[in-house]
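Input: a single structure, listed below in structure tokens.
First the proteins, then the strands, lettered A, B, ... as listed; each starts at 1.
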Protein chains: 2
Amino acid sequence: MDTWKEFEANELTHSAAHHLLAIYEVGEAYGGWARVSDIARRLNITRGSVSINLRTLKKRGWVQTDEHRLVKLSPKGLRVVHSVMAKRVIVKTFLRDVLGIAEAQAEIDSCKIEHLISHSTGQRLVHFLQFLTSGAPVSRQFLRQFRAFQASCPASRTCGVCKGQCLIDELKYAT
Amino acid sequence: MDTWKEFEANELTHSAAHHLLAIYEVGEAYGGWARVSDIARRLNITRGSVSINLRTLKKRGWVQTDEHRLVKLSPKGLRVVHSVMAKRVIVKTFLRDVLGIAEAQAEIDSCKIEHLISHSTGQRLVHFLQFLTSGAPVSRQFLRQFRAFQASCPASRTCGVCKGQCLIDELKYAT
DNA sequence: TGGCGTTGTTTGATATATCATACACGCGAT
DNA sequence: ATCGCGTGTATGATATATCAAACAACGCCA
């Protein structure tokens, strides 16, 4: 019923996830400590925005601050960052190495999705990639034949309603 | 640099996508025409919220209104709905039938992602599923052996930082 | 000791997305 | 004809997320 609301219910927003990632990346060379200015520069937003957003991140217990106003991830925040980073790598790897999507597009898609997929989905995707790249004969053969199949796929078929914008026509098998 | 901002730049928000889907579903039995009340009931939000959100949807050219205040998808809106529906089905099918994720979780994850994946990613995912379910010997064998591999996977390994919350440890192959 | 630049915060603005509540309109039943 | 209910809209509130601009504080340099 309210499945679609799970999106909003997610306590980790896209914005928050990237603030945490930025703190991690910026602080990497300074023992985990980051300055508001550098976080803002990294995200290409204003210092004011970062300052305001940090309130929520602190309230959630994801970051800690210094007496010098330096910012650091809490253990809880670090766990979130690890989780998000891992999911992005997994999704991007799948999109690029299995589906053959261009690096740039794979980056964009995985960046949008990284904070949304569940732990179990991420884990199963890892196992899938592990098996696919395990070097087992069946995996190698499958990948090779899939590449050939892809090459033979028509660029796109036209849908009566969407004029090629949707994929309905290609979904007959799924009904 | 600003890849992460693509999320906000997306003109089709999660909320908007589901409003359009609701209009489509509610209107299905009435020649595409839907009432604000029914849309609100469908989404489990107030009539007021729908009323306000419809302004944006109209401004974007996705819906049209009647002199009786009935709401209908424009041709452009219908294309969006087809595109989103198709992507949800594709992703859900992949999660459920390939990765073996439970129906409910697959529904939640695909619902979060449906409006975010690009057309090319959706199309390639379709081709992947087509090949996997084509009945080709290599596909059947691959799927069977993957199931066996999955069954042998340890439930989860513990990450020093995350205590099993992240998947970093399982990503060694990807570095 | 001044002054200037960087830094972090605050303020007022916009945009989305929701709520509860109040209001106005129309239609059907009495 | 009017009473009441359902419907759509409007209003004021909250929460997120951004901006520009103003402001205060600190440090460095002369």
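- Closest approach to the V36(A) side chain among dA20(D), dT16(C), dG8(C) is made by dG8(C) (side chain taken as heavy atoms from C-beta onward).
- Taking side-chain N and O atoms only, T13(B) has a distance below 4.0 Å to OP1 or OP2 of dA17(C).
- Here S49(B) does not reach the OP1 or OP2 of dA17(C): none of its side-chain N or O atoms lies under 4.0 Å away.
- The CG-P distance, from L54(A) to dT16(D), rounds to 14 Å in whole Å.
- Rounded to the nearest 0.5 Å, atoms OG (S83(A)) and CG (L20(A)) are 11.0 Å apart.
- Nucleic acid contact class of H68(A) (heavy atoms, under 4.0 Å, all strands): none.
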Donor-acceptor pairs are to be reported for all side-chain atoms of residues 54-63 of chain A against protein atoms at under 3.5 Å, with residues two or more places apart or in another chain.
from   : atom 1 : to     : atom 2 : distance (Å)
R60(A) : NH1    : E11(A) : O      : 3.0

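- Heavy-atom nearest nucleotides on DNA chain C were determined for T56(B) and for N44(B), and the one closer to the 5' end corresponds to T56(B).
- When the P atom of dG8(C) is taken as reference, atom CG of D38(A) falls 8 Å away, rounded to whole Å.
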Between protein and nucleic acid, restricted to nucleotides 23-27 of chain C and to nitrogen or oxygen atoms under 3.5 Å apart, what atom pairs and distances do you find?
none

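- Ranking dT18(C), dG8(D), dT18(D) by closeness to the R35(B) side chain, first place goes to dG8(D).
- Between the CG atom of L43(A) and the P atom of dA17(D) there is a distance of 12 Å, rounded to whole Å.
- Among the atoms of the strands shown, only primed sugar atoms or phosphate atoms (P, OP1, OP2) are found under 4.0 Å from some heavy atom of R55(A).
- Checked against side chain to side chain contact (heavy atoms under 4.5 Å, CB included), T13(B) has the following partners two or more places apart in sequence or in another chain: S15(B), A16(B).
- Between F7(A) and H14(B), the ring planes lie parallel to each other; the angle is under 30°, not in the 30° to 60° tilted range.
- Heavy atoms of H18(A) sit nowhere under 4.0 angstrom from any nucleic acid atom.
- In this structure, L70(A) atom CG and dT9(C) atom P are separated by 11 Å, rounded to whole Å.
- Interatomic distance, Q105(A) CD to S120(B) OG, rounded to the nearest 0.5 Å: 5.0 Å.
- For D2(A) and dA17(C), the CG to C1' distance is 15 Å, given to the nearest whole Å.
- Set against dC19(D), dC19(C), dA10(D), the side chain of T46(B) has dC19(C) as its closest nucleotide.
- The interatomic distance linking R42(B) (CZ) with dT7(D) (P) rounds to 17 Å, in whole Å.
- Residue K5(A) contributes atom NZ, which lies 15 Å from atom C1' of dA15(D) at whole-angstrom precision.
- Relative orientation of the F131(A) and F149(B) rings is tilted, given thresholds of 30° and 60° on the angle between their planes.
- Looking at the side chain of I45(A), the nearest of the listed nucleotides dT16(D), dC19(D), dT10(C) is dC19(D).
- Backbone-only contact: S15(A) has heavy atoms under 4.0 Å from sugar-phosphate atoms and none from a base.
- E114(B) pairs in a side chain to side chain contact (heavy atoms under 4.5 Å, CB included) with only one of the listed residues (M85(B), K92(B), H18(B)), which is H18(B).
- Here the nucleotide nearest the side chain of S51(B), chosen from dT18(D), dT9(D), dC19(C), is dT9(D).
- Residues S37(B) and N53(A) each lie close to DNA chain D; by heavy-atom proximity, the contact nearer the 5' end of the strand is made by S37(B).
- Atom CZ of R147(B) has more than 12 neighbouring heavy atoms from other residues, nucleotides or ligands inside a 6.0 Å radius.
- Distance I39(B) CD1 to dG8(D) P: 8 Å, rounded to the nearest Å.
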